[in-house]
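Okay, so here's the structure we're looking at.
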Amino acid sequence: MATYYCSIVLWRMRMIWRLRRNHGDVARFFFHYENSSSASPCFFYSTASLHSRMGHPLSFSSLVQQCTATQNLSCLKILQTHVIKNGLCHHSFGHKLLDSYIKCGSIYDARRLFDEMPDRHIVTWNSMISAYTSRNRSREAVHLYERMVSEGVFPDEYTYSSLFRAFSRLGVVLEARRAHGRAVILGLETSNAFVGSALVDMYAKLGEMKVAKLVCDGVFEQDVVLLTALIVGYAQKGEDLMALEVFLDMVRKGIRPNEFTFSSTLVSCANLGDVKCGDMVHGLMTRSGYVSVVASQTSLLTMYSKFGMVEESLRVFSALEDPNIVTWTSLITGLILNGKEETSLLKFQEMIRSSIPPNSFTFSSVVRACSRLAVLDTGKQIHALATKYGLDLGNYVGATLIDMYGKCGAPDLAVLAFNALVKADLVSINSMIFSYAINGLGHEALKLFYVTKDSSSLELNEMTYLSILLACSNSGLVEEGQRIFTDLRDRTDIRLNSDHCSCMIDLLGRSGRLDEAENLLNQLENPDVVMWRTLLSACRIYREVKMAERIRSKILELSPGDEGTHILLSNLYASTSNWDKFIETKGVMKGMKLKKDPAMSWVEIDQEVHTFMAGDFPHSRSDDTLVKLEELTTKAKNLGYIPDTSFVLQDMDELNKERSLYYHSERLAIAFALWRTTNKFSCIRVFKNLRVCGDCHSWIKFVTVAVGREIIARDSKRFHHFKNGACSCGDYW
DNA sequence: GTAGGGTTAG
């Protein structure tokens, strides 16, 4: 211990001797601490260690430098106290301390020192402003700039190159223009590429691409950053041709693009769907040596995904040594985009195993994969994971969760996810209305629609109106739907589109108001095939042969050889026992090589999907399924089920018609599911590619009574929740 | 002694 203190005393003597000889100011500083009771041995010890490591005479700069390197804030504060007490806070010492505080991450201490400085050099102002902008404290940066101007200090090129970012973050166009004006007066707009690129970036982010382009064109010595800022602006605004033009212009001028340039240019190639151009930029990027830059390669991967070139995007991914969360998310999103939802979920698992924490972009994508696959259990697991990461309450993930629960036939869970949101935005509300709509909860949808319309500040959009019209249509709320449709027609801020019209025609048609639907169609300027076909479906429900034939000729005028029309008409002729015309239509279809999509149903049991085709038993499980099916039908008949053979679209005798109804794919799936699942409280979810027929609808209602279970069926259009002999659609679909 | 640009989502 004695040796230890001896060595400290010896070191201090030697240091004071050196300081007296070389650095008057700092020597006085150490004398001060020599005689001060607050001087801690710890401080001197750490200073000693700093000194010994420096290996050269101590100076103020190197002391500050060492404090920065070791992030020693307390040492910096002691230095500051001394500097201020001894009136040494002139700009050089002051700035060094301030800079060190910033580098140590303490903006608070930097600002306190800044406020205490008697005279501030422009460099000090700039450092403080830059510290604020780079840490997202834009308001404070702008305040400081305004104070600087009011105190008569002239901002310079350094000030503006960091300041402009603050305006775009705050979204304050007027203030931004005022500052731009001052930069012009000072002659900094055109003479300095740093100021120019900051301006271009600012205007691009404020959405003023024309101004951004003007500024860029005016800069005397353009460089890669300046032009890249412009490309980024165009790419993010979707002005992709302009982005490519700037890129080519840059290459022509001999300015070499870098990894930042390539990242954004590739986004534009992807948006344009221009494979040739994409390949060219890819080649240029490879030749420029950016093969392992993650962000650029991520853009490349996304581009190939958008081109539908999945193999190529996988190849880019596997060549990357260290993919980040954005790369993983791009891969997952790309797979979903290309219909490879199962693979995307496997990749998600792989990502989690690689200990890469997912973000809200990732969740938003994988939840969508679940929604497409309608795999409720997996969806729930992913929701739980999102909750674990605290990412389930934001609108991006929230909206996909609501959508997923809606499309999995679990509107109650969609409501829970919706109510949990911190602050629902329009997309989340639209998703909720849509979920209500496809699950036949029209009144709930109307309630949310009117609350949003009347009591929120949100501006409704096309999707809101489409969802609510669908809700009215699926619940047979004709008057409400008509009122909303009229309201939409009168609005000038929202464009009435063909989907809205089809939905309205569907609503009128399916509720039997065929003439009104036809009138509406005739009022429209250019009704499309979808709208006429919608009315044709209604004719099929109400067996309105004359109108159907009238519509057929309209459709065939617009689109000769329209497949759906022939299929709908053949169904209509079959259901009205018009067998001659049925055979004739079938003949036309045969000539056109048209075939109906085979009916198909599937159920998910123990995370395995089982598929069934109508009247087809290729499965080894078929015996048990058929036994169960017979049992269910007998029970249903005992409860009052009478088969309605008018749904059989073939010319055969009644007994065979009845038998053919029994083997509709949804019945096979339900029988299989009831045979396989023993938990009486679990609900069965069946999915069907076509619409459920009226007889199956009735049969399922009786089955829910017979077995005391809930059955949820999703057909090509909506959900039916069957419980205790009733369906949520109120027999209206 | 201070400064500018990027990749993923409903």
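Residue numbers start from 1 in every chain, and the chains themselves are labelled A, B, ... in the order their sequence lines are given, proteins ahead of strands. Computed from a prediction, not measured in an experiment: that's the story for all the values here.
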Side chain of [X] only, heavy atoms from C-beta on: which candidate in [options] is closest?
| X | options | result |
| --- | --- | --- |
| A:Ala295 | B:dG5, B:dG6, B:dG4 | B:dG6 |
| A:Asn126 | B:dA9, B:dG4, B:dT2 | B:dT2 |
| A:Ser263 | B:dT2, B:dT7, B:dG10 | B:dT7 |
| A:Lys96 | B:dG1, B:dG4, B:dG5 | B:dG1 |
| A:Glu157 | B:dT7, B:dG6, B:dA3 | B:dA3 |
| A:Ser197 | B:dG4, B:dA3, B:dA9 | B:dG4 |
| A:Ser296 | B:dG10, B:dT7, B:dG6 | B:dG6 |
| A:Ser161 | B:dA9, B:dG1, B:dG4 | B:dG4 |
| A:Ser365 | B:dT8, B:dA9, B:dG6 | B:dA9 |
| A:Tyr396 | B:dA9, B:dA3, B:dT2 | B:dA9 |

Establish, with yes or no, whether the OP1 or OP2 oxygen of [N] is under 4.0 angstrom from a side-chain nitrogen or oxygen of [X].
| X | N | answer |
| --- | --- | --- |
| A:Lys407 | B:dG10 | no |
| A:Arg368 | B:dA9 | no |
| A:Arg165 | B:dG5 | yes |
| A:Ser130 | B:dA3 | yes |

*Describe the nucleic acid contact of A:Leu226 in one word from base, sugar-phosphate, nothing, applying a heavy-atom distance below 4.0 Å.*
base
*asked:* One thing to verify: whether A:Glu175 and A:Arg178 come together as a salt bridge, which I'm taking to mean a side-chain N less than 4.0 angstrom from a carboxylate O.
replied: no
*Has A:His121 got its ring stacked on the base of B:dG1, with centres under 5.5 Å and planes less than 30° apart?*
yes
*Once you round to the nearest 0.5 Å, how far does OG1 of A:Thr190 lie from CG of A:Leu199?*
10.5 Å
*A:Tyr160 and ring-ring contact (aromatic ring centres under 6.0 Å, His included): which partner among A:Phe154, A:Phe167, A:Tyr145?*
A:Tyr145
*asked:* For A:Phe361 and A:Tyr396, take the angle between the two ring planes, folded into 0 to 90°, and tell me which bin it lands in: parallel under 30, tilted 30 to 60, perpendicular over 60.
replied: parallel
*Testing A:Thr327, A:Thr329, A:Leu335 for side-chain contact (heavy atoms from CB on, under 4.5 Å) with A:Leu331, which one passes?*
A:Leu335
